[in-house]
Number of protein chains: 2
Amino acid sequence: MPKLGMEPIRRAALVKATIDEIGATGTLDITVSKIAKRAGMSSALAHHYFGGKEQIFLAAMRHTLTVYGAEVRGALAMADGPKLRLEAIIRAGFTSSNFRREVIAAWLNFYVLAQSNPQAQRLLTIYQRRLHSNLVFNLRPLVGGHADAVAERIAGLIDGLYLRRGLDPRGEAGVDATAHVLALLHAELRAAS
Amino acid sequence: MPKLGMEPIRRAALVKATIDEIGATGTLDITVSKIAKRAGMSSALAHHYFGGKEQIFLAAMRHTLTVYGAEVRGALAMADGPKLRLEAIIRAGFTSSNFRREVIAAWLNFYVLAQSNPQAQRLLTIYQRRLHSNLVFNLRPLVGGHADAVAERIAGLIDGLYLRRGLDPRGEAGVDATAHVLALLHAELRAAS
DNA sequence: TTTTTTCTTGATTGACGAGTCAATAAAGAA
DNA sequence: TTCTTTATTGACTCGTCAATCAAGAAAAAA
């Protein structure tokens with residue numbers, strides 16, 4: 001059975017299993033064995049490919065971030081002009097895929113991890129910077145010198161509403177959150193003109 | 001040494017120690033022994049008074065929430081009229097005491113806990129409802145029927161900026177966050193008039 | 001075929017932690 | 001004083017888990 005080129009397959013399976021396991025428990029308090037079993041292999045193999053629990057978490061975090069980044073980029077590619085692009089960025093944050101239990105759990109736990117793990121901290125900073133600069137770039141032609149402050153508010157509202165909706169026990173989430181952020185955007189545009 | 005009426009003293013010491021320990025590690029992944037040692041007693045005593053780790057966490061959460069609630073109430077007592085009250089609520093969220101490492105860590109971890117623990121979930125819901133209704137009550141005379149939606153945006157921006165500032169590696173936090181939320185508030189008031 | 005490389009796991013180690021319990025000590029009640 | 005209630009802990013149980021390792025199995029190379 002042992003074939004060549006298993007490494008990338010195993011790593012991907014472990015990353016997915018990790019996110020699923022985080023989603024199932026809500027915590028980072030999960031065992032390598034459980035992850036490995038979910039991914040269909042022994043825990044020894046997980047250690048073999050990743051070296052340790054922390055590495056697995058970071059890989060899962062990178063993956064979550066990558067997926068989100070890809071969604072944003074995809075939405076941007078289809079939007080023309082700064083206003084439509086801003087709306088696309090906002091919408092991308094509240095896709096139903098972002099409200100799957102595992103994804104919410106992943107984000108919340110990564111926030112926690114970022115407090116104590118410098119690598120996690122860096123990854124989160126990257127996400128925040130990218131969001132911020134995407135917003136500023138498209139706000140500049142519309143609100144000029146206020147771009148930075150407006151971007152800060154929009155980013156804050158995105159994160160805050162995501163947090164609130166993600167934690168809301170009754171699911172039913174993203175639609176009105178999108179509307180709220182769009183309302184903020186339009187108010188800012190109106191105020192600046 | 002054993003005197004009577006130790007229970008409330010011990011409980012308070014344990015709650016404080018728990019929050020400090022969460023702040024020191026960033027995680028809920030802490031041991032009852034460490035908490036107890038920090039509070040100057042044996043772990044057995046901690047179990048005696050709280051029954052288990054989870055109970056200790058919930059007590060710590062209740063305490064955090066109570067302190068925050070008291071701050072808001074204090075700020076409200078000194079504010080006259082809906083507009084000043086709204087500003088007081090907003091300011092209360094970004095006090096420097098709310099940006100102490102332990103407090104941030106506590107909130108982040110309580111978010112995580114709320115995913116899997118119904119009691120934590122309930123406590124968080126209480127906080128959210130109280131904030132929301134405080135906002136709505138004071139917004140109603142100013143923006144009428146829009147109060148609900150505006151409150152949602154303000155609450156979202158408060159939580160989101162708190163999250164971002166709390167996670168920001170360079171401290172230096174609350175001042176501009178307050179300004180951002182106040183800016184949103186004033187924009188909403190202007191738009192409604 | 002023999003050898004080497006890649007893949008894989010069961011078993012083990014070593015450590016740690018939650019919760020229990022029996023026993024001690026002090027204070028107040030009877 | 002004797003009894004009861006409250007406070008307190010050290011020692012122990014039982015379980016779990018991260019990480020290691022030696023060894024097996026299969027493909028590819030020689």
Sugar-phosphate only, base, or nothing, as touched by [X] at under 4.0 Å among non-hydrogen atoms:
| X | answer |
| --- | --- |
| B/Thr31 | sugar-phosphate |
| B/Gly51 | nothing |
| B/Ile35 | nothing |

Can you tell which of C/dC21, D/dA19, D/dT8 lies closest to the side chain of B/Ala44?
-> C/dC21
Can you tell which of D/dA18, D/dA7, C/dT9 lies closest to the side chain of A/Met41?
-> C/dT9
Plane angle bin for A/Phe99 and A/Phe94 - parallel if under 30°, tilted between 30 and 60°, otherwise perpendicular =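 Judged by the thresholds at 30° and 60°, the geometry between A/Phe94 and A/Phe99 is parallel.
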Roughly how many Å is it from [atom1] in [X] to [atom2] in [N], rounded to a whole number?
| X | N | atom1 | atom2 | value |
| --- | --- | --- | --- | --- |
| A/His47 | D/dA19 | NE2 | C1' | 5 Å |
| A/His48 | D/dT20 | NE2 | C1' | 13 Å |
| B/Glu54 | C/dG19 | CD | C1' | 14 Å |
| B/Lys37 | C/dC16 | NZ | P | 12 Å |
| A/Phe50 | D/dA19 | CZ | P | 13 Å |
| B/Glu21 | C/dG17 | CD | P | 11 Å |
| B/Glu7 | D/dA7 | CD | P | 7 Å |
| A/Met6 | C/dT9 | CE | C1' | 16 Å |

Could you say whether B/Leu45 or A/Ser33 is positioned toward the 5' end of DNA chain D, judged by the nucleotide with the nearest heavy atom to each?
-> B/Leu45
Indicate yes or no: does B/Lys16 engage B/Asp20 in a salt bridge with an N to O separation below 4.0 Å.
-> yes
Flag the pair A/Glu152 and B/Arg165 as a salt bridge only when some basic side-chain nitrogen lies within less than 4.0 angstrom of an acidic carboxylate oxygen.
->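 So A/Glu152 pairs with B/Arg165 through a salt bridge.
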Does B/Val112 offer a backbone N or O that forms a donor-acceptor pair with the side chain of B/Gln115 under 3.5 Å?
-> yes
Ignoring backbone atoms, test whether B/Tyr49 places a side-chain nitrogen or oxygen under 4.0 Å from the OP1 or OP2 oxygen of D/dT8.
-> yes
Using a cut-off of strictly less than 4.0 Å, decide whether A/Arg10 has a side-chain nitrogen or oxygen near OP1 or OP2 of C/dT8.
-> yes
May I ask you to check whether over 12 heavy atoms, not counting those of A/Arg140, lie within 6.0 Å of atom CZ?
-> no
